[in-house]
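Naming: A, B, ... by sequence-line order, numbering from 1 per chain.
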Amino acid sequence: MPTLILIDGSSYLFRAFHALPPLTNAAGEPTGALFGVVNMLRNSLKAKPDYIAFVCDASGPTFRDELYPEYKANRPPMPEELRAQIEPMMEIVKALGFPILRVSGVEADDVIGTLATQAAAAGIDVVVSTGDKDMAQLVGPHVTLSNSMTNTTMNAAGVFEKFGVHPNQIIDFLSLMGDSVDNIPGVEKCGPKTAAKWLAEYGTLDAVMDNAAKIGGKIGENLRAALPQLPLSRQLATIRLDVPLDEAPTDLALRERDVDALRRLYARYEFNAALKELDNKPLPDDVRGANVPAQFRKQTTSDADGTLAMQGVYDCVVDQAAFDAWLEKLRAAPIVAIDTETTSLDPMRAEIVGLSFAVEAGKAAYVPLAHDYPGAPQQLDRDAVLAALKPLLEDPDRPKLGQHAKYDINVFSRYGITMRGVRYDSMLESYVWNSTATRHDMDSLARRYLGYTTIPYDAVAGKGAKQIPFSQVALEQASAYAAEDADVTLRLHETLWPKLATEPGLMRVYETIEAPLIPVLARMEQRGVLIDTNALRVQSNELAKRMHELQQRAYDIAGRTFSLDSPKQLQAILFEELKLPIVVKTPTGQPSTNEEALDAIADQHELPKLILDYRGYAKLRSTYTDKLAEIVNPRTGRVHTSYGQAIAATGRLSSNDPNLQNIPIRTEEGRRIRQAFVAPPGYRILAADYSQIELRIMAHLSGDAGLLSAFVGGLDVHRATAAEVFGLPPEQVDSNQRRAAKAINFGLMYGMGAFGLARQLGIARNEANDYIARYFARYPGVRTFMDNIREQAHRDGYVETVFGRRLYLDDIRARNQNLRAGAERAAINAPMQGTAADIIKRAMIAVDGWLGARDDARMLMQVHDELVFEVREDVLDEIATGVRERMSGAAELAVPLVVDIGTGRNWDEAH
DNA sequence: TGTAAACCGTAC
DNA sequence: GACGTACGGTTTACAC
């Protein structure tokens, strides 16, 4: 059968632009995207199709813009470096002899859809070459998709495998999901899984809509809310198959290529391989790694149509000569990407299995050191290799690059190596560039910024029960995986660093906050905090006893046994068997058994109170007492948390394994957990926390006179607020009024409305409204500030902290009310939460620098507005003074930054 | 056996 | 639906 290849030119140019490094030729003209597209085109010819066409978007509006003015409204303008590559691309495409189709009023997709349909009807096999999943709707018996970026092809079965729906359901599938890039509305919270599930059940979008009432939960409500929008979404997602065209598929034979023009263009853009091929000369061999056994050489280069796969030569270094050669390369390189392979995700328990390095894109090596499996080849001695590398690793003036380098720093520390000079970390570069992106792990970054899918860890080490330690992974696979890690890290840096360089504010955040913080956090994690496991064990037993008693009583009361831990079973007993009133519902519409709900019915039955007590104990025991004891490192007797430096969108740190940032404090029983965080003999715990830091930042940012003077005057701000709102002298404010004022102060920072305040304080909604109105009347600057932030967020799509950290708000222009309102609340909160994060990070860097190498005082923990130290008793005063000075001085605001400090034998006492 | 979702609750 | 940012435990449903 004859074949037709339809190339989605616009899609490829755009993807190649984002996937490839920003190459330029000697004249400084951008060539990266061009290079990608040209290679793809040359490869497409190798299939020797009978017909071929290059289809791209014409300029000007299309019928979709008329249907829906907001279509693609979120698209940023095309970057100049990309725009500059369009004309050259068209010249090359023309010179290659490709028929070019550009039809105004429709998109390239529609032209492709029309041609594919016509060709298939005429018995021609069609391959649509595109990176766009929307095209899956065209797949049929004669039509397949091919994606040269991922080197995959898809027929109808492939579509079903990938999306879980058939090609003829793709339009409905896309309509349900919506598309944030094209700004097509869908069903909120409906992703591919949910969309596929519904379509599997009902078959079509129409049927899903007809049965919308049957779908439960929050997602069902979202679906019903979206019903009016969905027909429009479907129209937008539907590729037209009836565009009037001048050419029939059979008119699309390849024209004769213009060799002279190609030679001139290839030369100009420095596509040397293409130029050589043009002149029919063989390509030179790739540079091969020296002194490397051939069987360990891993070469990832372009295959038939995988031009955009990682290209490079990866060495597996197992002999001294090869290692020496690499050591020389590392010493000579201006920047070295380093990655460790280990036996554990926990750096405090991990042992080094191998090291990988990259010095330029495409040139990387893996040095296996402790692979141990039957038949494993001889490897270099780990201690000898580490000793040889130590000077380089410890030299602060040799710039190093990592992906999540804190992990590697901690691993090296276990071998007596203090890694210094980590100037670059691709994870943090990505985080500063756009903290809203949910994941900054290497696989996600490679996909996002390089358009490349890395070898998944699972693929070499397995997962779940079948997982093997990396030390048992065969050298050949281990090398491919590990060397790629270093290579990809380097390529990510080469992509992200120039981006950061275009935004001096973000660059400053990276250079003055995030990068210097890496070794500070690493030291805190390595140090760990001493835990009194005996105290925890005692408490755990007490809790277990009380829980058991409560459990027995609960069974007696209910007349049967059940799991007190199961909300579902509780719901059956409380609301079905006992018929207690339902006060709160969960987001899925079920009767809630949360604290608020149980509190509300506690006066009608004894079971709710009992459950609340049980829950409190169960939470403490499972989450804290038992968990902490379990996670104590047997080597150090301490818990070594991991701080997440690229998690929270606002710039805050997070903490896990264990999470030290949610240790209880509000109740007496909870504080016993804190009492188990102890100082070693001769030391004391010192806790220093910023007083009302976020409210102070609000005063600074808003410039509100009332709020400023409260802080400058050193007043109790909640009391002062109560005095203003209730029109009383401060000394006549009672505790209830102060509590209300505190709720207002905090609530406003989170964008809370009257509804929320009323609920929080248990008052009528109009009363809450009244409070808020009086607050804004008394603090007009705060209202103006909030209005301005909202406006700025809408205008720019992001908000900033005092130090220039940026938070993008993807939903700020959403048509969905809830999404948009949520984004507005986040916009209000982010400058305050984010600035507080910036300030304490700056303080940590300053305090760490001041403490230097002294071992009589060590910073252990950070809890958002608090730093915790262990300090030798004889220097407590000196340290307290120095810490206070540096924390207060971490920012110059319009109000003083007050720091409260306490000390004690344990964390609880230090408060 | 493993994963994801729902629910709940802790911190700042 | 109504208050921002996190982490994580238990139950439950479900795919493999």
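- Rounded to the nearest Å, the gap between the P atom of C/dC3 and that of B/dA4 is 31 Å.
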Does the pair A/Arg672 and A/Asp908 meet the rule for a salt bridge (Lys or Arg N to Asp or Glu O under 4.0 Å), with working shown? CA-CA 8 Å; A/Arg672 285 180 63 188; A/Asp908 183 38; over 6 Å; no
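- If you take CD of A/Glu596 and P of B/dC7, they are 15 Å apart, rounded to a whole angstrom.
- B/dC12 atom P lies 14 Å from atom CG of A/Leu867, rounded to whole Å.
- In this structure, A/Ile665 places its CD1 atom 8 Å from P of B/dA11, rounding to the nearest Å.
- Once you apply a 4.0 Å limit to the heavy atoms of chain A, the touched nucleotides of DNA chain C run 5' to 3' over C/dG1 to C/dA13.
- Straight-line distance from the CG atom of A/Leu612 to the P atom of B/dG9: 7 Å, rounded to whole Å.
- Atom CZ in A/Phe677 sits roughly 12 Å away from atom C1' in B/dA11 (whole-Å rounding).
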For salt bridge (Lys or Arg N to Asp or Glu O under 4.0 Å), just list the numbers for A/Arg674 and A/Glu909, CA-CA rounded to whole Å, side-chain angles, deciding distance to a tenth of an Å, and then say yes or no. CA-CA 9 Å; A/Arg674 291 196 172 221; A/Glu909 274 189 12; over 6 Å; no
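- A donor-acceptor contact closer than 3.5 angstrom links the side chains of A/Asn434 and A/Thr436.
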Using salt bridge (Lys or Arg N to Asp or Glu O under 4.0 Å), reason through A/Arg560 and A/Glu577 one step at a time and then give a plain yes or no. CA-CA 11 Å; A/Arg560 66 181 177 95; A/Glu577 297 178 20; 2.8 Å; yes
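- Under a cut-off of 6.0 angstrom, the local environment of CZ in A/Arg815 is crowded, with over 12 non-hydrogen atoms contributed by other residues, nucleotides or ligands.
- Looking at heavy-atom distances under 4.0 Å, A/Gln569 makes contact with sugar-phosphate atoms alone, never a base.
- Look at A/Asp770 and A/Arg774 and you find a salt bridge, because one of the NZ, NE, NH1 or NH2 atoms lies within 4.0 Å of a carboxylate O, short of that distance.
- Following rounding to the nearest Å, A/Tyr614 (OH) and B/dG9 (C1') show an atom-to-atom distance of 14 Å.
- For the pair A/Met861 CE and B/dC12 P, the computed distance is 12 Å after rounding to whole Å.
- At a threshold of 4.0 angstrom between heavy atoms, the contacts of A/Ala830 with the nucleic acid are absent.
- Which of B/dC7, B/dC12, B/dG9 sits closest to the side chain of A/His864 comes down to B/dC12.
- Atom pair A/Glu669:CD and B/dT10:P shows a separation of 13 Å (rounding to whole Å applied).
- Nearest heavy-atom pair, A/Leu428 versus A/Glu514, reported as atom, atom and distance to 0.1 Å: CD1-O, 4.1 Å.
- A/Ile513 pairs by the side-chain contact (heavy atoms from CB on, under 4.5 Å) definition with A/Phe803, A/Arg805, A/Asp838, A/Lys841, A/Arg842, not counting sequence neighbours.
- Heavy-atom minimum distance, A/Ile647 versus A/Ser654: CG1-OG, 3.6 Å.
- Counting non-hydrogen atoms under 4.0 angstrom, A/Gln817 reaches nothing in the nucleic acid.
- Using a 4.0 Å heavy-atom criterion, one finds that A/Gly747 contacts no nucleic acid atom at all.
- When the side-chain nitrogen and oxygen atoms of A/Ser592 are compared with OP1 and OP2 of B/dC8, one or more of them lie within a distance under 4.0 Å.
- Among the atoms of the strands shown, none is found under 4.0 Å from any heavy atom of A/Leu757.
- In this structure, A/Thr588 reaches the B/dC7 phosphate: one of its side-chain N or O atoms is under 4.0 Å from OP1 or OP2.
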Starting from the C-alpha separation in whole Å, work towards a yes-or-no answer on salt bridge (Lys or Arg N to Asp or Glu O under 4.0 Å) for A/Lys545 and A/Glu542. CA-CA 5 Å; A/Lys545 201 173 142 210; A/Glu542 288 178 20; over 6 Å; no
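- Counting non-hydrogen atoms under 4.0 angstrom, A/Arg615 reaches the backbone sugars and phosphates but no base.
- Backbone-only contact: A/Arg674 has heavy atoms under 4.0 Å from sugar-phosphate atoms and none from a base.
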At a cut-off of 3.5 Å, list every protein nitrogen or oxygen paired with a nitrogen or oxygen from nucleotides 3-5 of chain B, distance to 0.1 Å.
none

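- Along DNA chain C, the nucleotide nearest A/Arg652 and the nucleotide nearest A/Arg765 are compared for position; the residue whose nucleotide lies closer to the 5' end is A/Arg765.
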